[in-house]
Amino acid sequence: MDWCHYRFHSRWDLDAAPAAVFMALANGDEYPRWWPQVREVRRIDERSGAARFRSLVPYDLRVIVSEARQDPVDGVLEIGFSGDLEGWARWTVLPHGTGTRALFEQEVVARKPLLRRLALPGRPVFRANHALMMRSGRRGLRAHLAARPAGPASPPSGGHTV
C-alpha cells in the first residue's frame, strides 16, 4: 500500500437548484469567499489556476489546478492537480428531491515532503483534516447559495474549479 495515496468521497445535499450549485462549484475564483480552508486562488489562464489550502492541521498545500472537464449537461466538473498534491478531483451535480446532490470524488498522491515523511503515522489525522475541510465547505456553500438571488443560472465559460 502506498501510504501517500488518498481517495476521498463526499456527498453534499443542498437546497438549491442544480444549475446554481454547478455554477458556484465551477467558479473556482470565488471559493475563498465561501470555503474557509481555500485560502487563496490565483488564475493563471482561462483553464488553470494556483490554489492554497489550509485546514486544522498547520500546513499549507499549494497546487496548480487545471480544468479537465466542465460539462453542465451531465453536471460534471473535473480538475487535475499538480504540486503538493498530484491527481484529480471531480464534482458530479445531480437533481435530488427539490434540491441538489453534489458528489465529490478525489484521488491524489501527496508530494509535499512533510506529508510524505509523516504518511504512516499522520494518515488518520490527514483524513480527519480532509473530512473537517469538506464539512466546512458544505456549510459555506449552503450559506453562499442561500445568500444569492434566485434566478436563471448558467455556468461560466472557461472557468476553473478548485
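One is the number of the first residue; the rest follow in order along the sequence.
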May I ask you to decide if the ring planes of F8 and H130 are parallel, tilted or perpendicular, using 30° and 60° as cut-offs?
parallel
Of all the heavy-atom pairs spanning R111 and G83, show the shortest one and how long it is.
CB-O, 3.3 Å
Tightest non-hydrogen contact, residues V65 and V63, listed as CG2-CG2, 3.8 Å
Between P32 and D29, what is the shortest heavy-atom contact and its length?
CD-O, 3.6 Å
Is V76 reachable from W91 through a run of hydrophobic residues whose side-chain heavy atoms are each under 4.5 Å from the next?
no
Any side-chain to backbone donor/acceptor pair from R142 onto D13? Under 3.5 Å, distance only.
yes
What is the minimum heavy-atom distance between T100 and A17, and which atoms define it?
OG1-C, 3.2 Å
Approximate separation, where rounding is to 0.5 Å, of L14 CG and L141 CG:
5.5 Å
Would a 4.5 Å heavy-atom cut-off, applied to side chains only, mark H144 and Y31 as touching?
no
Run the salt bridge (Lys or Arg N to Asp or Glu O under 4.0 Å) test on E78 and R69 for me, step by step, so that the C-alpha distance in whole Å, both residues' side-chain angles and the decisive distance to 0.1 Å come before the verdict.
CA-CA 5 Å; E78 189 169 326; R69 182 177 178 196; 5.3 Å; no
Please confirm whether the backbone N or O of G80 pairs with a side-chain atom of S66, one donor and one acceptor, at under 3.5 Å?
no
CA sep, side-chain torsions, deciding dist, call: R127, Y6, side chain to side chain contact (heavy atoms under 4.5 Å, CB included):
CA-CA 8 Å; R127 292 189 69 77; Y6 294 88; 3.8 Å; yes
Out of R39, K112, R54, which one pairs with D60 under the salt bridge (charged side-chain N to carboxylate O under 4.0 Å, His left out) rule?
R54
Value for OG (S55) from CZ (R135), rounded to nearest 0.5 Å, stands at 9.5 Å
Do W12 and L132 sit in one hydrophobic cluster, given that two such residues count as connected whenever their side-chain heavy atoms are within less than 4.5 Å of each other, even indirectly?
no
When you group the ILVMFWY residues by side-chain heavy-atom contacts below 4.5 Å and let the links chain together, are F53 and W88 in the same group?
no
Would W35 and M134 satisfy side chain to side chain contact (heavy atoms under 4.5 Å, CB included), going step by step from the backbone distance to the final call?
CA-CA 9 Å; W35 200 333; M134 295 305 291; 3.8 Å; yes
Output side-chain donor-acceptor pairs under 3.5 Å for residues 113-123, partner residues at least two apart or in another chain, one line each.
{"residue": "R116", "atom": "NH1", "partner": "A110", "partner atom": "O", "Å": "2.7"}
{"residue": "R123", "atom": "NH1", "partner": "W3", "partner atom": "O", "Å": "2.8"}
{"residue": "R123", "atom": "NH1", "partner": "H5", "partner atom": "O", "Å": "3.1"}
{"residue": "R123", "atom": "NH2", "partner": "H5", "partner atom": "O", "Å": "3.0"}

CD1/I64 to CG/D84 distance, rounded to the nearest 0.5 angstrom?
10.0 Å
For F22 and Q70, what are the C-alpha separation, side-chain angles and deciding distance, and is it a side chain to side chain contact (heavy atoms under 4.5 Å, CB included)?
CA-CA 10 Å; F22 186 92; Q70 186 176 74; 4.0 Å; yes
Co-membership, hydrophobic cluster, residues L103 and I79, 4.5 Å side-chain
no
Roughly how far, to the nearest 0.5 Å, is the CD atom of Q37 from the CG atom of N129?
8.0 Å
Hydrophobic clusters here meaning ILVMFWY residues chained together by side-chain heavy-atom distances under 4.5 Å, can you tell me if M133 and Y59 are in one?
yes
How would you list, by chain and number, every residue that makes a side chain to side chain donor-acceptor pair (under 3.5 Å) with R62, sequence neighbours excluded?
none
Minimum heavy-atom separation for A24 and L145, please, with both atom names.
CB-CD2, 4.1 Å
Report yes if the side chains of I44 and R42 come closer than 4.5 Å at any heavy-atom pair, otherwise no.
yes
